[in-house]
Visitor: 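Dropping a structure here in structure tokens format, bear with me for questions.
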Amino acid sequence: MKRLQQRLDRVPEGSAVLFMVQVFATLGFAVLQSTLVLYATRRLGFSSDQAALMMGLFGAFNYGLHLFGGYLGGRFLSNRNLFVGGMVLQVLGCGAIAGGSLAGLYWGLAFFLTGSGLNVTCLNMMLTQRFAPEDDRREAAFLWNYAGMNVGFFVGFTVAGHYQLDEAYSTIFWFATIGNTGAIVLALLFWRTLADRDTPLSQRRGADFWGRFAIGVAVLAGLVPLLAWLLQHPSDTAIGMKALCYAVGLVLLVLTLRHPVAAEKRRMQAYLVLTLGSLVFWSLYQMAPNGLQMFAVGNVWMNVWGVPVAPQWVQNINTVVIVIGGPWLAAVFARWRARGWAVDIPMQFAASLALMGLGFLALPLGIHFADPATGRSDFVWLFLSYVLQSVGELLISPVGYAMIGRLAPRQYQGVMMGSWMLVTGLASLYAGDFSGMVAQPVDGSALTTNPQYATLFTQLAIGSLLTAVALWAMRPWLRRLIDREAPVQANTR
């Protein structure tokens, strides 16, 4: 008991609260991410391609606003204020969607995405502020926070799936509303504990403070109608967001080519190549709540040992693999490195893309062995696909953000971190494009769509495997770009 108390005393104030806040804050996102496509097609009458595009924009706005939230929090609104304000918007959004109307969907998503897009970074900032730069407890705290997020996903997917079996969509979204309200209540109960520490805004006083605060509130209020309008023009919005991402990519390319420090320039080149590889991975990965979910509902026996499996429950395969596989894989890599076996960034990226390709190859195999009378595949093939994709995520996701600190010059770290987030948003749009390629038949017959799904999944698998082969072939070159030591020579002209 004394040892436990000593360990608890070592935890910085607020860390345990943020773990619990993270659990409740994740519930609404888990519900919407796993239910939006089904709700749009089954209740609101969206076609499969319309629902896929909406889901693509959902991911693009959510991830794209993360960078803006990181700038807004701590400068114009405190991270604590922005987090609570964002959660209030998420509650309003889930409540609007629960009303069951098309207008409620557009405005509800606008409220929710403004909140979730801006406040995710706030939790990470509040947690990191509780540790000194040299504090070695930081990594463990973020691992616990990541675990809290996965607990929230598990609960959200499980409850949403339970009510999905009866298509009780209003109940699903009201659950998300109550869950997100729990995060607000916790934050208010521990308001002083979660106060920002040493941010630009905390150093402002009087009119300067309130002026910045007013700007932050105005941004929150203005983003909601803007997103509502953009969501009602999805095709044009998707084109515009893709153009923005391409423009950012072009800017990064120009910065890389013109960078005067040779060693840093080489690492920036490696970043660009690896970013393209990650775009392929995340474009396929984000089909899980989109096209893969539609495939599961219409073309797979969603039944295991006589127990019906809700579509949202399939997402928990990823959650369980991450929770169990993360520590195991970390131990395996540590053992390999101790033996002198190289485990580097290009190898991990190539392996993740290979696993993604194999995961998508499992699906046409399942279609090949499907029941000839109904066309439905056995659940085991979908299960195998998700397991392979999740292991691939373990190889690419944790190393992605850490990679930026290693490859990005200090003056470009903000731009390159933001670009990495934009890649995930762009990938969500591509996932929507892929997911909308198979039109759902009026009769709902799996026999009708199986050939199209088999062709699509095979083509995507081959694309991922070829990208993996290319990265593996470039591995020696990429390692030289990343690790080669060279004298730093600035161009003074």
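Just so we're clear, the structure is a prediction, and the values are computed from it rather than from any experiment. Positions are given from 1, in the same order as the sequence printed here. Side chains included, hydrogens not; waters and symmetry mates left out as well; all remaining heavy atoms used.
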Visitor: For the residue pair Leu65 and Leu118, what are the closest heavy atoms and their distance?
Guide: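 What the structure gives for the nearest pair is O-CD2, 3.7 Å.
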
Visitor: Hey, does the side chain of Asn290 reach the backbone of Met55 with a donor-acceptor pair shorter than 3.5 angstrom?
Guide: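 Not a single qualifying donor-acceptor pair exists.
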
Visitor: Between Phe29 and Phe58, does the ring centroid distance fall short of 6.0 Å?
Guide: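 Yes, the ring centres sit under 6.0 Å apart.
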
Visitor: Closer than 3.5 angstrom, by distance alone: can the side chain of Gln348 be matched with the main-chain N or O of Gly392 as a donor-acceptor pair?
Guide: no

Visitor: For Trp420 and Tyr271, take the angle between the two ring planes, folded into 0 to 90°, and tell me which bin it lands in: parallel under 30, tilted 30 to 60, perpendicular over 60.
Guide: tilted

Visitor: Got a donor-acceptor contact below 3.5 angstrom from the Ser435 side chain to the Gly291 backbone?
Guide: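 The answer is yes, because a donor-acceptor pair under 3.5 Å joins these two groups.
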
Visitor: For the side chain of Ser428 and the backbone of Gly56, is there at least one donor-acceptor N/O pair under 3.5 Å apart?
Guide: yes

Visitor: Can you classify the ring geometry of Tyr430 versus Phe434 as parallel (below 30°), tilted (30 to 60°) or perpendicular (above 60°)?
Guide: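 Answer is parallel, since the angle falls under 30°.
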
Visitor: Report the distance from atom OH of Tyr39 to atom OG of Ser170, rounding to the nearest 0.5 Å.
Guide: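 Interatomic distance, Tyr39 OH to Ser170 OG, rounded to 0.5 Å: 8.5 Å.
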
Visitor: Any sub-3.5 Å donor-acceptor pair from Gln232's side-chain atoms to Tyr106's backbone N or O?
Guide: no

Visitor: So, Thr158 side chain and Phe154 main chain: donor-acceptor pair closer than 3.5 Å or not?
Guide: yes

Visitor: Any chance you could measure Ile184, atom CD1, to Phe83, atom CZ, to the nearest 0.5 Å?
Guide: 8.0 Å

Visitor: Can you tell me if Thr41 uses its side chain to pair, donor with acceptor, with the backbone of Leu38 under 3.5 Å?
Guide: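 Yes.
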
